[in-house]
Undergrad: 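Please find one structure pasted underneath; my questions will follow.
Start at 1 and go down the list; that is how both ligands and their atoms are numbered.
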Amino acid sequence: MPKQYILALDQGTTSCRAILFDRSGQGVAMAQKEFTQHFPQTGWVEHDAEEIWRVQLEVIREAAAQVKAEDIAGIGITNQRETTVVWDRETGKPLHRAIVWQCRRTADLCDQLKADGWEEKIRQKTGLVTDPYFSGTKLQWLLMNHPHIREKADSGQALFGTIDSWLIWNLTGGKIHVTDISNASRTMLFNIHERDWDDEILQRLSIPRSMLPEVKSSSEVYGYTSLLGDGIDIPIAGAAGDQQAALFGQACYSAGMAKNTYGTGCFMLMNTGPKPIASRKGLLTTVAWEIDGQIEYALEGSVFTAGAVIQWLRDGLGIVERASDSEQAAMSVPDTNGVYFVPAFTGLGTPYWNPHARGMITGLSRGTERAHLIRAALEAIAYQSAEVLSVMEEESGISLQQLKVDGGAVQNNFLMQFQADIIGTEVLRPKVQETTALGAAFLAGLAVGLWKDKEELKSICAQDGHFVPEMGEEERQAKFAGWKKAVAYQVG
Ligand SMILES: Nc1ncnc2c1ncn2[C@@H]1O[C@H](COP(=O)(O)OP(=O)(O)O)[C@@H](O)[C@H]1O
Ligand SMILES: O=P(O)(O)OC[C@H](O)CO
(Lines give C-alpha, C1' and ligand atoms only; values in the text may rest on other atoms or scores of the structure.)
(Ligands and ions follow the chains in the order given, each with its own letter.)
Protein backbone atom coordinates (compact mmCIF):
# COMPACT_ATOMS: atom_id res chain seq x y z
CA MET A 1 0.00 0.00 0.00
CA PRO A 2 1.65 3.30 -1.01
CA LYS A 3 1.92 6.06 1.55
CA GLN A 4 -1.18 8.19 1.17
CA TYR A 5 -1.14 11.29 3.33
CA ILE A 6 0.70 14.59 3.53
CA LEU A 7 0.87 16.39 6.85
CA ALA A 8 0.73 20.16 6.40
CA LEU A 9 1.90 22.42 9.22
CA ASP A 10 0.40 25.92 9.09
CA GLN A 11 2.12 28.12 11.65
CA GLY A 12 0.04 31.34 11.48
CA THR A 13 0.20 34.61 13.38
CA THR A 14 -2.43 33.55 15.89
CA SER A 15 -2.50 29.78 15.83
CA CYS A 16 -0.65 26.60 14.95
CA ARG A 17 -2.44 24.09 12.76
CA ALA A 18 -1.67 20.63 11.48
CA ILE A 19 -3.82 19.14 8.74
CA LEU A 20 -3.56 15.72 7.14
CA PHE A 21 -4.53 15.69 3.48
CA ASP A 22 -5.21 12.61 1.42
CA ARG A 23 -4.47 12.16 -2.29
CA SER A 24 -7.77 13.78 -3.28
CA GLY A 25 -6.81 16.96 -1.35
CA GLN A 26 -9.40 16.30 1.36
CA GLY A 27 -8.48 17.18 4.92
CA VAL A 28 -8.89 13.97 6.92
CA ALA A 29 -7.67 15.24 10.30
CA MET A 30 -6.99 18.67 11.69
CA ALA A 31 -5.79 20.11 14.97
CA GLN A 32 -5.47 23.77 15.82
CA LYS A 33 -4.41 25.77 18.87
CA GLU A 34 -3.95 29.47 19.52
CA PHE A 35 -0.82 30.72 21.27
CA THR A 36 0.12 33.85 23.24
CA GLN A 37 0.49 37.27 21.65
CA HIS A 38 2.83 39.67 23.47
CA PHE A 39 2.43 43.45 23.04
CA PRO A 40 5.25 44.87 25.19
CA GLN A 41 4.87 48.46 23.90
CA THR A 42 2.59 50.39 21.55
CA GLY A 43 3.07 48.99 18.05
CA TRP A 44 5.36 46.17 19.25
CA VAL A 45 4.40 42.51 18.76
CA GLU A 46 6.32 39.44 19.94
CA HIS A 47 5.88 35.66 20.06
CA ASP A 48 7.62 33.10 22.22
CA ALA A 49 9.34 30.82 19.68
CA GLU A 50 9.56 27.97 22.20
CA GLU A 51 5.82 28.19 22.82
CA ILE A 52 5.23 28.14 19.05
CA TRP A 53 7.30 24.96 18.72
CA ARG A 54 5.57 23.34 21.73
CA VAL A 55 2.08 24.16 20.45
CA GLN A 56 3.00 23.17 16.90
CA LEU A 57 4.24 19.79 18.11
CA GLU A 58 1.05 19.24 20.11
CA VAL A 59 -1.14 19.80 17.06
CA ILE A 60 1.17 17.70 14.87
CA ARG A 61 0.79 14.79 17.31
CA GLU A 62 -2.97 15.26 17.58
CA ALA A 63 -3.58 15.30 13.83
CA ALA A 64 -1.05 12.58 13.01
CA ALA A 65 -2.57 10.24 15.60
CA GLN A 66 -5.55 9.74 13.29
CA VAL A 67 -3.45 7.62 10.89
CA LYS A 68 -0.42 5.34 11.02
CA ALA A 69 2.82 7.36 10.95
CA GLU A 70 4.18 5.08 8.23
CA ASP A 71 1.32 6.18 5.94
CA ILE A 72 2.51 9.80 5.99
CA ALA A 73 4.46 10.40 2.79
CA GLY A 74 5.84 13.77 3.78
CA ILE A 75 5.48 17.02 5.70
CA GLY A 76 4.88 20.44 4.14
CA ILE A 77 5.40 23.64 6.11
CA THR A 78 3.79 27.02 5.72
CA ASN A 79 4.20 29.92 8.09
CA GLN A 80 3.62 33.51 9.05
CA ARG A 81 6.40 35.25 7.16
CA GLU A 82 9.07 37.80 8.19
CA THR A 83 8.76 36.96 11.90
CA THR A 84 12.33 36.87 13.15
CA VAL A 85 13.77 34.17 15.41
CA VAL A 86 17.35 34.10 16.67
CA TRP A 87 18.56 31.06 18.56
CA ASP A 88 21.70 29.44 19.92
CA ARG A 89 23.25 26.78 17.68
CA GLU A 90 24.43 24.74 20.71
CA THR A 91 21.41 24.81 23.00
CA GLY A 92 18.69 25.34 20.39
CA LYS A 93 17.17 27.98 22.71
CA PRO A 94 15.88 31.31 21.37
CA LEU A 95 18.02 34.27 22.41
CA HIS A 96 15.04 36.67 22.44
CA ARG A 97 11.31 36.55 21.86
CA ALA A 98 10.52 36.36 18.14
CA ILE A 99 9.84 39.79 16.64
CA VAL A 100 6.59 39.45 14.73
CA TRP A 101 5.98 40.78 11.20
CA GLN A 102 3.46 43.30 12.56
CA CYS A 103 5.99 44.86 14.97
CA ARG A 104 6.87 48.50 14.23
CA ARG A 105 9.87 48.88 16.56
CA THR A 106 12.29 49.40 13.68
CA ALA A 107 10.43 52.31 12.06
CA ASP A 108 13.33 54.65 12.97
CA LEU A 109 15.92 52.26 11.53
CA CYS A 110 13.92 52.24 8.28
CA ASP A 111 13.68 56.05 8.32
CA GLN A 112 17.47 56.12 8.65
CA LEU A 113 17.92 53.76 5.70
CA LYS A 114 15.68 56.01 3.64
CA ALA A 115 17.54 59.15 4.76
CA ASP A 116 20.79 57.47 3.72
CA GLY A 117 19.40 56.87 0.23
CA TRP A 118 18.97 53.07 0.48
CA GLU A 119 15.28 52.83 -0.43
CA GLU A 120 15.68 52.43 -4.19
CA LYS A 121 18.65 50.07 -3.86
CA ILE A 122 16.67 47.86 -1.46
CA ARG A 123 13.68 47.88 -3.80
CA GLN A 124 15.82 46.91 -6.78
CA LYS A 125 17.68 44.13 -5.00
CA THR A 126 14.94 42.63 -2.84
CA GLY A 127 11.69 43.75 -4.52
CA LEU A 128 10.55 45.16 -1.15
CA VAL A 129 9.64 48.50 0.33
CA THR A 130 11.90 49.75 3.16
CA ASP A 131 9.56 49.01 6.06
CA PRO A 132 9.76 47.50 9.57
CA TYR A 133 7.47 44.71 8.29
CA PHE A 134 10.43 42.73 6.93
CA SER A 135 13.01 40.70 8.89
CA GLY A 136 16.13 42.70 7.97
CA THR A 137 15.80 45.62 10.38
CA LYS A 138 14.29 43.35 13.06
CA LEU A 139 17.49 41.32 13.04
CA GLN A 140 19.57 44.49 12.91
CA TRP A 141 17.66 45.77 15.98
CA LEU A 142 18.31 42.56 17.94
CA LEU A 143 22.02 42.75 17.18
CA MET A 144 22.20 46.45 18.05
CA ASN A 145 20.27 46.26 21.29
CA HIS A 146 21.37 42.95 22.80
CA PRO A 147 25.15 42.60 23.25
CA HIS A 148 24.87 38.87 24.07
CA ILE A 149 23.20 38.26 20.69
CA ARG A 150 25.83 40.36 18.90
CA GLU A 151 28.58 38.38 20.61
CA LYS A 152 27.10 35.03 19.70
CA ALA A 153 26.42 36.20 16.16
CA ASP A 154 30.03 37.28 15.72
CA SER A 155 31.34 33.97 17.04
CA GLY A 156 29.03 32.00 14.73
CA GLN A 157 26.91 30.64 17.58
CA ALA A 158 23.68 32.57 16.91
CA LEU A 159 21.40 31.48 14.08
CA PHE A 160 18.65 33.47 12.40
CA GLY A 161 15.57 32.07 10.75
CA THR A 162 11.98 32.79 9.88
CA ILE A 163 9.43 30.39 11.35
CA ASP A 164 9.89 27.80 8.58
CA SER A 165 13.61 27.55 9.51
CA TRP A 166 12.78 27.35 13.20
CA LEU A 167 10.31 24.49 12.66
CA ILE A 168 12.64 22.55 10.34
CA TRP A 169 15.49 23.00 12.85
CA ASN A 170 13.34 21.56 15.64
CA LEU A 171 11.74 18.82 13.55
CA THR A 172 15.18 17.55 12.56
CA GLY A 173 16.55 17.66 16.12
CA GLY A 174 18.75 20.72 15.47
CA LYS A 175 20.51 19.31 12.44
CA ILE A 176 19.23 21.33 9.50
CA HIS A 177 19.37 25.12 9.14
CA VAL A 178 17.57 26.00 5.89
CA THR A 179 14.81 28.25 4.61
CA ASP A 180 12.74 28.14 1.46
CA ILE A 181 13.23 30.83 -1.16
CA SER A 182 9.75 32.34 -0.78
CA ASN A 183 10.47 33.01 2.90
CA ALA A 184 13.97 34.28 2.11
CA SER A 185 12.43 36.80 -0.27
CA ARG A 186 10.60 38.41 2.68
CA THR A 187 13.68 39.15 4.77
CA MET A 188 14.90 42.27 2.90
CA LEU A 189 18.29 40.53 2.96
CA PHE A 190 17.81 38.36 -0.15
CA ASN A 191 18.66 39.42 -3.68
CA ILE A 192 15.77 38.05 -5.77
CA HIS A 193 17.71 38.43 -9.03
CA GLU A 194 20.92 36.73 -7.87
CA ARG A 195 19.16 34.10 -5.75
CA ASP A 196 21.45 34.72 -2.81
CA TRP A 197 21.75 36.76 0.38
CA ASP A 198 22.89 40.25 -0.52
CA ASP A 199 26.33 41.06 0.91
CA GLU A 200 25.94 44.81 0.52
CA ILE A 201 22.71 44.87 2.54
CA LEU A 202 24.15 42.47 5.12
CA GLN A 203 27.11 44.78 5.56
CA ARG A 204 24.90 47.88 5.91
CA LEU A 205 22.81 46.17 8.60
CA SER A 206 25.89 44.57 10.25
CA ILE A 207 24.49 41.06 9.91
CA PRO A 208 27.03 38.21 9.66
CA ARG A 209 26.25 35.81 6.80
CA SER A 210 27.06 32.86 9.09
CA MET A 211 23.76 33.45 10.95
CA LEU A 212 21.66 32.91 7.84
CA PRO A 213 20.06 29.65 6.72
CA GLU A 214 20.85 27.95 3.43
CA VAL A 215 18.22 28.89 0.83
CA LYS A 216 16.40 25.90 -0.69
CA SER A 217 13.60 25.51 -3.23
CA SER A 218 9.98 25.27 -2.06
CA SER A 219 9.56 21.63 -3.01
CA GLU A 220 12.35 19.21 -2.07
CA VAL A 221 13.36 17.00 0.84
CA TYR A 222 15.19 19.19 3.36
CA GLY A 223 15.62 16.51 6.01
CA TYR A 224 13.70 13.92 8.02
CA THR A 225 11.86 13.85 11.31
CA SER A 226 11.55 10.87 13.61
CA LEU A 227 9.28 12.66 16.07
CA LEU A 228 6.18 10.74 14.98
CA GLY A 229 7.48 7.27 15.72
CA ASP A 230 10.69 5.43 16.54
CA GLY A 231 12.41 4.23 13.42
CA ILE A 232 10.00 6.12 11.14
CA ASP A 233 11.72 8.90 9.24
CA ILE A 234 9.24 11.23 7.56
CA PRO A 235 10.64 13.59 4.92
CA ILE A 236 10.11 17.32 5.34
CA ALA A 237 9.54 17.92 1.67
CA GLY A 238 8.21 21.41 1.05
CA ALA A 239 7.91 24.89 2.54
CA ALA A 240 6.58 28.28 1.55
CA GLY A 241 5.48 31.46 3.25
CA ASP A 242 1.76 31.28 4.01
CA GLN A 243 0.67 33.78 1.35
CA GLN A 244 2.68 32.09 -1.38
CA ALA A 245 1.39 28.71 -0.20
CA ALA A 246 -2.19 30.01 -0.48
CA LEU A 247 -1.47 31.15 -4.06
CA PHE A 248 -0.23 27.63 -4.78
CA GLY A 249 -3.16 25.99 -2.98
CA GLN A 250 -5.60 28.10 -5.01
CA ALA A 251 -3.95 26.73 -8.19
CA CYS A 252 -2.92 30.21 -9.39
CA TYR A 253 -0.27 28.72 -11.63
CA SER A 254 -0.45 31.12 -14.60
CA ALA A 255 0.59 34.74 -14.82
CA GLY A 256 -2.35 37.05 -14.04
CA MET A 257 -4.07 34.70 -11.56
CA ALA A 258 -4.59 36.19 -8.08
CA LYS A 259 -5.95 35.43 -4.62
CA ASN A 260 -6.65 37.37 -1.44
CA THR A 261 -6.18 35.72 1.97
CA TYR A 262 -8.12 37.06 4.98
CA GLY A 263 -6.26 36.13 8.18
CA THR A 264 -4.71 38.42 10.79
CA GLY A 265 -3.84 40.64 7.83
CA CYS A 266 -4.95 40.47 4.20
CA PHE A 267 -2.53 39.60 1.47
CA MET A 268 -3.32 39.76 -2.22
CA LEU A 269 -0.88 38.01 -4.51
CA MET A 270 -0.84 37.85 -8.29
CA ASN A 271 1.32 35.32 -10.11
CA THR A 272 3.53 37.20 -12.61
CA GLY A 273 5.40 34.21 -14.05
CA PRO A 274 9.15 33.60 -14.34
CA LYS A 275 10.20 37.27 -14.40
CA PRO A 276 10.04 39.63 -11.43
CA ILE A 277 7.93 42.71 -12.19
CA ALA A 278 8.98 45.92 -10.46
CA SER A 279 6.23 47.99 -8.86
CA ARG A 280 6.02 51.78 -8.81
CA LYS A 281 2.91 52.02 -6.65
CA GLY A 282 3.84 50.27 -3.44
CA LEU A 283 3.25 46.64 -4.35
CA LEU A 284 5.96 44.16 -3.40
CA THR A 285 7.84 41.97 -5.85
CA THR A 286 8.29 38.63 -4.22
CA VAL A 287 9.24 35.03 -4.99
CA ALA A 288 6.12 32.89 -5.30
CA TRP A 289 7.97 29.55 -5.26
CA GLU A 290 10.81 27.60 -6.79
CA ILE A 291 10.16 24.10 -8.08
CA ASP A 292 12.72 22.00 -9.99
CA GLY A 293 15.00 25.00 -10.41
CA GLN A 294 12.22 27.20 -11.86
CA ILE A 295 11.48 30.37 -9.91
CA GLU A 296 8.11 32.09 -10.30
CA TYR A 297 7.38 35.55 -8.96
CA ALA A 298 4.36 37.42 -7.65
CA LEU A 299 3.22 40.95 -7.02
CA GLU A 300 1.81 41.42 -3.53
CA GLY A 301 -0.32 43.98 -1.74
CA SER A 302 -0.24 43.76 2.08
CA VAL A 303 -2.88 44.87 4.59
CA PHE A 304 -1.51 44.60 8.13
CA THR A 305 -4.76 44.55 10.11
CA ALA A 306 -7.73 42.54 8.84
CA GLY A 307 -9.06 39.65 10.98
CA ALA A 308 -7.00 41.15 13.82
CA VAL A 309 -9.54 43.96 14.08
CA ILE A 310 -12.21 41.37 14.89
CA GLN A 311 -9.91 39.82 17.47
CA TRP A 312 -9.57 43.26 19.01
CA LEU A 313 -13.36 43.65 19.17
CA ARG A 314 -13.35 40.28 20.95
CA ASP A 315 -10.32 40.53 23.25
CA GLY A 316 -9.76 44.29 23.52
CA LEU A 317 -13.29 45.74 23.64
CA GLY A 318 -15.16 42.54 24.51
CA ILE A 319 -18.10 43.46 22.26
CA VAL A 320 -18.20 40.11 20.47
CA GLU A 321 -17.78 36.77 22.15
CA ARG A 322 -16.56 34.87 19.09
CA ALA A 323 -15.16 36.25 15.81
CA SER A 324 -18.02 34.56 13.97
CA ASP A 325 -20.59 36.61 15.96
CA SER A 326 -19.50 39.66 13.98
CA GLU A 327 -21.43 38.44 10.93
CA GLN A 328 -24.84 38.51 12.55
CA ALA A 329 -24.15 41.80 14.33
CA ALA A 330 -23.11 43.47 11.06
CA MET A 331 -26.23 42.21 9.32
CA SER A 332 -28.50 43.47 12.11
CA VAL A 333 -28.05 47.07 10.88
CA PRO A 334 -28.52 48.41 7.34
CA ASP A 335 -25.24 50.35 7.35
CA THR A 336 -22.58 51.76 9.70
CA ASN A 337 -24.57 54.93 10.39
CA GLY A 338 -21.69 57.00 9.02
CA VAL A 339 -18.95 55.29 11.03
CA TYR A 340 -15.60 54.45 9.41
CA PHE A 341 -12.95 52.42 11.20
CA VAL A 342 -9.33 52.69 10.02
CA PRO A 343 -7.63 49.81 11.87
CA ALA A 344 -4.03 50.98 11.43
CA PHE A 345 -2.99 49.30 14.70
CA THR A 346 0.50 48.61 13.36
CA GLY A 347 0.76 51.20 10.59
CA LEU A 348 -0.57 50.97 7.07
CA GLY A 349 0.79 48.76 4.27
CA THR A 350 -0.11 48.95 0.57
CA PRO A 351 -0.42 51.54 -0.88
CA TYR A 352 0.52 53.93 1.97
CA TRP A 353 3.49 52.20 3.65
CA ASN A 354 3.22 54.40 6.70
CA PRO A 355 4.63 52.67 9.81
CA HIS A 356 3.70 55.63 12.01
CA ALA A 357 -0.07 55.63 11.27
CA ARG A 358 -2.33 54.35 14.06
CA GLY A 359 -5.99 53.29 14.25
CA MET A 360 -8.96 55.64 14.19
CA ILE A 361 -12.76 55.58 14.25
CA THR A 362 -14.58 58.48 12.60
CA GLY A 363 -18.22 59.55 12.30
CA LEU A 364 -19.27 58.62 15.85
CA SER A 365 -22.57 60.08 17.01
CA ARG A 366 -24.99 59.54 19.89
CA GLY A 367 -26.79 57.11 17.61
CA THR A 368 -23.72 54.85 17.15
CA GLU A 369 -24.39 51.33 18.41
CA ARG A 370 -22.23 48.27 18.96
CA ALA A 371 -23.44 46.78 15.67
CA HIS A 372 -22.35 49.86 13.72
CA LEU A 373 -18.82 49.56 15.10
CA ILE A 374 -18.67 45.86 14.28
CA ARG A 375 -19.99 46.45 10.79
CA ALA A 376 -17.47 49.28 10.25
CA ALA A 377 -14.63 46.96 11.36
CA LEU A 378 -15.66 44.31 8.82
CA GLU A 379 -16.16 46.87 6.08
CA ALA A 380 -12.64 48.22 6.79
CA ILE A 381 -11.20 44.81 5.88
CA ALA A 382 -12.97 45.02 2.51
CA TYR A 383 -12.03 48.66 1.85
CA GLN A 384 -8.36 47.97 2.49
CA SER A 385 -8.45 44.98 0.12
CA ALA A 386 -10.27 47.09 -2.48
CA GLU A 387 -7.47 49.65 -2.38
CA VAL A 388 -4.89 46.90 -2.90
CA LEU A 389 -6.87 45.43 -5.80
CA SER A 390 -7.10 48.78 -7.49
CA VAL A 391 -3.28 49.24 -7.39
CA MET A 392 -2.78 45.63 -8.49
CA GLU A 393 -5.03 46.08 -11.52
CA GLU A 394 -3.40 49.37 -12.42
CA GLU A 395 0.15 48.02 -12.24
CA SER A 396 -0.44 44.68 -13.91
CA GLY A 397 -2.78 46.05 -16.55
CA ILE A 398 -5.05 43.08 -15.78
CA SER A 399 -8.66 43.60 -14.79
CA LEU A 400 -9.63 40.68 -12.54
CA GLN A 401 -12.84 38.93 -13.54
CA GLN A 402 -13.01 37.08 -10.26
CA LEU A 403 -11.22 37.33 -6.92
CA LYS A 404 -10.28 34.02 -5.31
CA VAL A 405 -10.37 34.26 -1.52
CA ASP A 406 -9.34 32.14 1.47
CA GLY A 407 -8.26 32.41 5.12
CA GLY A 408 -10.07 32.30 8.47
CA ALA A 409 -12.30 35.36 7.93
CA VAL A 410 -13.82 34.21 4.60
CA GLN A 411 -16.36 32.22 6.57
CA ASN A 412 -18.00 35.57 7.19
CA ASN A 413 -20.69 35.86 4.48
CA PHE A 414 -21.37 39.52 5.25
CA LEU A 415 -17.71 40.35 4.68
CA MET A 416 -17.55 38.38 1.43
CA GLN A 417 -20.72 40.00 0.04
CA PHE A 418 -19.52 43.47 1.04
CA GLN A 419 -16.15 42.71 -0.56
CA ALA A 420 -17.83 41.76 -3.85
CA ASP A 421 -19.98 44.89 -3.65
CA ILE A 422 -17.17 47.30 -2.95
CA ILE A 423 -14.84 45.98 -5.69
CA GLY A 424 -17.69 45.36 -8.15
CA THR A 425 -16.15 41.94 -8.92
CA GLU A 426 -17.28 38.40 -8.21
CA VAL A 427 -15.66 36.78 -5.16
CA LEU A 428 -14.93 33.02 -5.30
CA ARG A 429 -14.54 30.97 -2.14
CA PRO A 430 -12.93 27.51 -2.47
CA LYS A 431 -14.33 24.31 -1.06
CA VAL A 432 -11.15 23.61 0.90
CA GLN A 433 -10.81 26.89 2.77
CA GLU A 434 -7.51 25.77 4.28
CA THR A 435 -5.79 26.61 1.02
CA THR A 436 -2.64 27.80 2.78
CA ALA A 437 -2.12 24.37 4.29
CA LEU A 438 -3.24 22.71 1.06
CA GLY A 439 -0.58 24.68 -0.84
CA ALA A 440 2.11 23.45 1.56
CA ALA A 441 0.79 19.91 1.18
CA PHE A 442 0.87 20.23 -2.62
CA LEU A 443 4.50 21.45 -2.55
CA ALA A 444 5.58 18.55 -0.33
CA GLY A 445 3.43 16.04 -2.22
CA LEU A 446 5.06 16.99 -5.52
CA ALA A 447 8.52 16.41 -4.00
CA VAL A 448 7.69 12.91 -2.76
CA GLY A 449 5.66 11.91 -5.81
CA LEU A 450 2.19 11.79 -4.21
CA TRP A 451 1.02 14.08 -7.02
CA LYS A 452 2.53 14.19 -10.49
CA ASP A 453 2.33 17.80 -11.58
CA LYS A 454 0.38 21.08 -11.41
CA GLU A 455 -2.23 19.78 -13.87
CA GLU A 456 -3.16 17.08 -11.42
CA LEU A 457 -3.28 19.65 -8.59
CA LYS A 458 -5.62 21.91 -10.58
CA SER A 459 -8.14 19.11 -10.86
CA ILE A 460 -8.21 18.83 -7.05
CA CYS A 461 -9.24 22.46 -6.38
CA ALA A 462 -13.02 23.06 -6.28
CA GLN A 463 -15.14 26.12 -5.46
CA ASP A 464 -17.68 26.30 -2.65
CA GLY A 465 -19.44 29.62 -3.00
CA HIS A 466 -19.44 32.79 -4.98
CA PHE A 467 -20.60 36.30 -4.14
CA VAL A 468 -21.88 38.51 -6.93
CA PRO A 469 -21.79 42.31 -6.63
CA GLU A 470 -25.23 43.74 -5.89
CA MET A 471 -24.50 47.32 -4.84
CA GLY A 472 -25.29 50.16 -7.23
CA GLU A 473 -22.37 52.15 -8.65
CA GLU A 474 -23.39 55.42 -6.99
CA GLU A 475 -23.62 53.89 -3.54
CA ARG A 476 -20.31 52.07 -4.05
CA GLN A 477 -18.51 55.25 -4.98
CA ALA A 478 -20.03 57.24 -2.13
CA LYS A 479 -19.04 54.62 0.45
CA PHE A 480 -15.54 54.34 -0.95
CA ALA A 481 -15.10 58.11 -0.95
CA GLY A 482 -16.04 58.11 2.75
CA TRP A 483 -13.34 55.52 3.42
CA LYS A 484 -10.69 57.51 1.54
CA LYS A 485 -11.59 60.58 3.58
CA ALA A 486 -11.21 58.66 6.84
CA VAL A 487 -7.78 57.27 5.82
CA ALA A 488 -6.69 60.75 4.77
CA TYR A 489 -7.06 61.91 8.40
CA GLN A 490 -4.27 59.46 9.21
CA VAL A 491 -1.94 59.67 6.26
CA GLY A 492 -2.73 63.11 4.84
N1 LIG B 1 -16.33 34.52 11.02
C2 LIG B 1 -15.35 35.42 11.09
N3 LIG B 1 -15.57 36.72 10.79
C4 LIG B 1 -14.58 37.64 10.82
N5 LIG B 1 -13.31 37.34 11.15
C6 LIG B 1 -13.03 36.08 11.46
C7 LIG B 1 -14.02 35.05 11.44
N8 LIG B 1 -13.42 33.89 11.79
C9 LIG B 1 -12.13 34.18 12.00
N10 LIG B 1 -11.88 35.49 11.81
C11 LIG B 1 -10.60 36.20 11.93
O12 LIG B 1 -9.66 35.53 11.11
C13 LIG B 1 -8.39 35.46 11.75
C14 LIG B 1 -7.96 34.02 11.81
O15 LIG B 1 -7.75 33.58 10.51
P16 LIG B 1 -6.47 32.71 10.17
O17 LIG B 1 -6.49 32.48 8.70
O18 LIG B 1 -6.45 31.56 11.09
O19 LIG B 1 -5.34 33.77 10.59
P20 LIG B 1 -3.77 33.65 10.88
O21 LIG B 1 -3.22 32.66 9.88
O22 LIG B 1 -3.30 35.04 10.64
O23 LIG B 1 -3.56 33.23 12.30
C24 LIG B 1 -8.53 36.05 13.13
O25 LIG B 1 -7.95 37.34 13.12
C26 LIG B 1 -10.05 36.14 13.35
O27 LIG B 1 -10.39 37.31 14.05
O1 LIG C 1 -0.39 34.47 9.70
P2 LIG C 1 -1.14 35.18 8.64
O3 LIG C 1 -2.01 34.28 7.84
O4 LIG C 1 -1.82 36.40 9.12
O5 LIG C 1 -0.04 35.69 7.58
C6 LIG C 1 0.94 36.59 7.96
C7 LIG C 1 1.80 36.96 6.78
O8 LIG C 1 2.58 35.89 6.33
C9 LIG C 1 2.67 38.12 7.12
O10 LIG C 1 3.43 38.49 6.01
Undergrad: Which part of Thr13 is near ligand 2, with near meaning a heavy atom under 4.0 Å away: side chain, backbone, both or neither?
TA: both
Undergrad: How far is atom 7 (C) of ligand 2 from the closest protein heavy atom, and which atom is that?
TA: Asp242 OD1, 3.5 Å
Undergrad: Any atoms of ligand 2 less than 4.0 Å from a non-hydrogen atom of Tyr133? List them with their elements.
TA: 9 (C), 10 (O)
Undergrad: Which residue supplies the protein heavy atom nearest to atom 17 (O) of ligand 1, what is that atom called, and how far is it?
TA: Gly408 N, 2.9 Å
Undergrad: Take atom NE2 of His356 as the centre, draw a 6.0 Å sphere, and report whether it contains more than 12 heavy atoms from other residues, nucleotides or ligands.
TA: yes
Undergrad: For Phe190, does the six-membered ring have the charged nitrogen or CZ of Arg195 within the cation-pi criterion, i.e. under 6.0 angstrom from the centroid and within 45° of the normal?
TA: no
Undergrad: For ligand 2, which atoms have a heavy atom of Gln80 less than 4.0 angstrom away?
TA: 1 (O), 8 (O)
Undergrad: Assess Arg314 for proximity to ligand 1: is some non-hydrogen atom of it under 4.0 Å away?
TA: no
Undergrad: I need the nearest protein heavy-atom contact for atom 5 (N) of ligand 1: residue, atom name and distance, please.
TA: Ala409 CB, 3.5 Å
Undergrad: May I ask you to test the Tyr383-Phe341 pair for a side-chain heavy-atom distance under 4.5 Å?
TA: no
Undergrad: Do Lys33 and Gln56 have side-chain N/O donor and acceptor atoms under 3.5 Å apart?
TA: no
Undergrad: Counting from 1, what ligand 2 atoms have a heavy atom of Gly12 closer than 4.0 Å?
TA: 1 (O)
Undergrad: Under 6.0 Å between the ring centres of Phe21 and Tyr5?
TA: no
Undergrad: Give the atom numbers and elements of ligand 1 that come within less than 4.0 Å of a heavy atom of Ser326.
TA: 3 (N), 4 (C)
Undergrad: In terms of residue, atom name and distance, what is the protein heavy atom nearest to atom 20 (P) of ligand 1?
TA: Thr264 OG1, 3.6 Å
Undergrad: Where on Ala308 is there a heavy atom closer than 4.0 Å to ligand 1, on the side chain, on the backbone, on both, or on neither?
TA: backbone
Undergrad: Just need the protein heavy atom nearest to atom 1 (N) of ligand 1, so name the residue and atom and give the distance.
TA: Ser324 CA, 3.4 Å
Undergrad: Numbering the atoms of ligand 2 from 1, which are under 4.0 Å from a heavy atom of Thr264?
TA: 4 (O)
Undergrad: For residues Met188 and Ser135, determine if any side-chain heavy atom of one lies less than 4.5 Å from a side-chain heavy atom of the other.
TA: no
Undergrad: How far is atom 21 (O) of ligand 1 from the closest protein heavy atom, and which atom is that?
TA: Gly12 CA, 3.9 Å
Undergrad: With heavy atoms only and a cut-off of under 4.0 Å, state how Ala323 meets ligand 1: side chain, backbone, both or neither.
TA: both
Undergrad: Where is the nearest protein heavy atom to atom 27 (O) of ligand 1: which residue, which atom, and how far?
TA: Gly307 O, 2.9 Å
Undergrad: For the residue pair Trp53 and Trp166, is the inter-centroid distance of their aromatic rings smaller than 6.0 Å?
TA: no
Undergrad: Does ligand 1 come near enough to Asp242 that some N or O of the ligand is less than 3.5 Å from an N or O of the residue?
TA: no
Undergrad: Any N/O of Ile310 closer than 3.5 Å to an N/O of ligand 1?
TA: no
Undergrad: Taking distance alone, with N or O pairs closer than 3.5 Å, would you say Gln411 contacts ligand 1?
TA: no
Undergrad: Would you mind listing which atoms of ligand 1 come within a distance below 4.0 Å of any non-hydrogen atom of Gln311?
TA: 25 (O), 27 (O)
Undergrad: Do Phe248 and Ile291 come within less than 4.5 Å of each other through their side chains, counting heavy atoms only?
TA: yes
Undergrad: Which is closest to atom 4 (C) of ligand 1 in terms of heavy atoms, Leu415, Asp10, Asn412?
TA: Asn412
Undergrad: Look up atom CD in Glu300 and atom CD in Gln244, then write down how far apart they are to the nearest 0.5 Å.
TA: 6.5 Å
Undergrad: Using a heavy-atom cut-off of under 4.0 Å, does the side chain or the backbone of Met416 touch ligand 1, or both, or neither?
TA: neither
Undergrad: Under the criterion side chain to side chain donor-acceptor pair (under 3.5 Å), which of Asn183, Asp242, Thr13, Thr436 is the partner of Asn79?
TA: Asn183
Undergrad: Could you tell me if Lys454 sits above the aromatic ring of Tyr253, with its cationic atom closer than 6.0 Å to the ring centre and no more than 45 degrees from the axis?
TA: yes
Undergrad: How about His177 and Trp87: are their ring centres within less than 6.0 Å of each other?
TA: yes
Undergrad: Looking at Trp118, does the NZ or CZ of Lys121 lie under 6.0 angstrom from its six-membered ring centre and within 45 degrees of the ring axis?
TA: yes
Undergrad: So which bit of Glu82 gets within less than 4.0 Å of ligand 2, heavy atoms only: side chain, backbone, both or neither?
TA: side chain
Undergrad: Has ligand 1 got any nitrogen or oxygen that is less than 3.5 angstrom from a nitrogen or oxygen of Gln32?
TA: no
Undergrad: Could you identify the single nearest non-hydrogen protein atom to atom 13 (C) of ligand 1 and state the distance to 0.1 Å?
TA: Gly263 C, 3.9 Å
Undergrad: Using side-chain hydrogen bond (donor to acceptor under 3.5 Å, both in side chains), reason through Gln80 and Thr83 one step at a time and then give a plain yes or no.
TA: CA-CA 7 Å; Gln80 53 166 323; Thr83 296; 2.8 Å; yes
Undergrad: Can Ser326 and Asn412 be counted as having a side-chain donor-acceptor contact under 3.5 angstrom?
TA: yes
Undergrad: Who's the nearest protein heavy-atom neighbour of atom 23 (O) of ligand 1, and how far?
TA: Thr14 OG1, 2.5 Å
